[in-house]
Chemist: 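Dropping the structure in here first, questions after.
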Amino acid sequence: MKIAKTLWLACLAVSALSMAGCSFQTAGAPAPTTQPTSSPASSNPAVPKVAQPLDVSAFVADPCGLVPQDTMAGLGYSSPGTAHDKAQSPAGPDCGWINSDNGRNLAVILQTNNRDSGIGGLAGIYTGRDTGQLLLLEPAPDVMGYPAVYSDRQDRRDRGACNLVVGVADDLVFSVGDQGYTGSQDSCDAAQRVAAAVVKTLKEA
């Protein structure tokens, strides 16, 4: 089945009040109306496979429920997150947190829209790199046994912005993006902590 060349990928919001994903697009057909049976880079041996897929269905309508509030409070986010449903966020439902004291913000995006369009999973991220839409794609430490990469349109980690993408099925990822930190260490540490909380939540669901 022919796969569209429109690639929706999560990115950091430019406004602290808007934590939805953004789009990267190349010329080609619009997104397919039926779901392809394989992801765009499923034959790429470099793409890590997910041995034990996780069920995310309980959180499509409740993306903020993916991260316990005490985890976010430990990172300095005392206020509850703000959710956007899959109709509001191009990549899929998301939840965003803002620390008004220091300007930091963080978002978790469950990229089910990408999956349903047939361009999901880590395969879609590798396709974004291969087509020049992403300048950063670097393996990250596994998150509780699930493969992960750092990816973004450009590498902004030394500027305190980290985007971590975790595969929870061969055709599905979630991403944790933050900004406003002091450098790569603290921004990516925060992303890793939140990603681990998401995987723990999904395993226990």
Side-chain angles (χ1 to χ4, degrees), residues 7-13 19 21-22 24 39-42 44-56 59 63 65-68 71-72 74-75 89 91-97 105-115 119-130 133-179 181 183-205:
L7 183 62
W8 294 101
L9 296 169
C11 75
L12 296 178
M19 302 300 291
C22 68
F24 299 81
S39 53
S42 58
N44 184 344
V47 179
K49 301 298 182 183
V50 177
Q52 295 182 307
L54 295 173
D55 183 5
V56 304
F59 299 95
L66 286 165
V67 188
T71 297
M72 299 308 301
L75 291 168
S89 177
D94 69 70
C95 186
W97 292 262
N105 55 74
L106 184 147
V108 173
I109 305 177
L110 189 58
Q111 298 192 25
T112 54
N113 287 1
N114 285 355
R115 176 197 62 191
I119 53 175
L122 288 173
I125 305 300
Y126 277 72
T127 296
R129 188 273 310 276
D130 294 342
Q133 298 173 89
L134 295 170
L135 296 183
L136 170 65
L137 193 155
E138 181 180 300
D142 284 0
V143 178
M144 297 182 67
Y146 286 81
V149 297
Y150 298 114
S151 74
D152 209 336
R153 290 182 293 180
Q154 57 181 315
D155 191 350
R156 302 180 299 141
R157 290 173 293 179
D158 61 351
R159 288 173 276 165
C162 188
N163 196 52
L164 177 69
V165 183
V166 183
V168 291
D170 285 340
D171 62 350
L172 180 63
V173 300
F174 72 86
S175 57
V176 181
D178 59 34
Q179 61 184 359
Y181 288 76
S184 60
Q185 187 69 44
D186 62 343
S187 62
C188 289
D189 282 353
Q192 287 279 353
R193 285 179 62 182
V194 172
V198 172
V199 172
K200 185 175 185 291
T201 296
L202 291 173
K203 284 185 172 183
E204 295 176 350

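Heavy atoms only: backbone and side chains are in, while hydrogens, waters and symmetry mates are out.
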Chemist: Return the set of residues passing side-chain hydrogen bond (donor to acceptor under 3.5 Å, both in side chains) with Asp142 (not counting sequence neighbours), or none when no residue passes.
Modeler: none
Chemist: Quick check for you: to the nearest 0.5 Å, what is the distance between Leu135 atom CG and Ser151 atom OG?
Modeler: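 Reported value, rounded in 0.5 Å steps: 11.0 Å.
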Chemist: Tell me the closest heavy-atom pair linking Ala191 and Leu164, and the distance in Å.
Modeler: O-CD2, 3.8 Å
Chemist: With sequence neighbours excluded, tell me which residues meet side-chain hydrogen bond (donor to acceptor under 3.5 Å, both in side chains) with Tyr181.
Modeler: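 Expected list: Tyr77.
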Chemist: The criterion is side-chain hydrogen bond (donor to acceptor under 3.5 Å, both in side chains); which residues satisfy it with Gln154, sequence neighbours excluded?
Modeler: Arg159
Chemist: Considering all heavy atoms of both residues, which atom of Asp178 and which atom of Ala190 are nearest to each other, and what is their separation?
Modeler: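 Heavy-atom minimum between the residues: OD2-CB, 3.7 Å.
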Chemist: What residues form a side chain to side chain contact (heavy atoms under 4.5 Å, CB included) with Ala196, not counting sequence neighbours?
Modeler: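 Val143, Met144.
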Chemist: Nearest 0.5 angstrom please: Leu122 CG to Thr127 OG1, how far?
Modeler: 11.0 Å
Chemist: With rounding to the nearest 0.5 angstrom, report the OH to CZ distance, Tyr150 to Arg156.
Modeler: 14.5 Å
Chemist: Could you list the residues that satisfy side chain to side chain contact (heavy atoms under 4.5 Å, CB included) with Pro63, not counting sequence neighbours?
Modeler: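 Pro63 satisfies side chain to side chain contact (heavy atoms under 4.5 Å, CB included) with Ala83, Pro93, Cys95 once adjacent residues are dropped.
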Chemist: Provide the closest heavy-atom pair for Ala46 versus Tyr126 in the form atom of the first, atom of the second, distance.
Modeler: O-OH, 3.5 Å
Chemist: The criterion is side-chain hydrogen bond (donor to acceptor under 3.5 Å, both in side chains); which residues satisfy it with Asp158, sequence neighbours excluded?
Modeler: none
Chemist: Please list, chain by chain and in numerical order, all residues satisfying salt bridge (Lys or Arg N to Asp or Glu O under 4.0 Å) with Asp55, sequence neighbours excluded.
Modeler: none
Chemist: Asp155: which residues meet the side chain to side chain contact (heavy atoms under 4.5 Å, CB included) condition with it, sequence neighbours left out?
Modeler: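 Asp155 satisfies side chain to side chain contact (heavy atoms under 4.5 Å, CB included) with Leu136, Arg157 only.
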Chemist: Strictly by side chain to side chain donor-acceptor pair (under 3.5 Å), give each pair with a member in residues 193-205 just once, sequence neighbours left out.
Modeler: Lys200-Glu204
Chemist: Measure across Ala195 and Phe174 and return the closest heavy-atom pair with its distance rounded to 0.1 Å.
Modeler: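 Ala195 and Phe174 have their closest heavy atoms at O-CZ, 3.7 Å.
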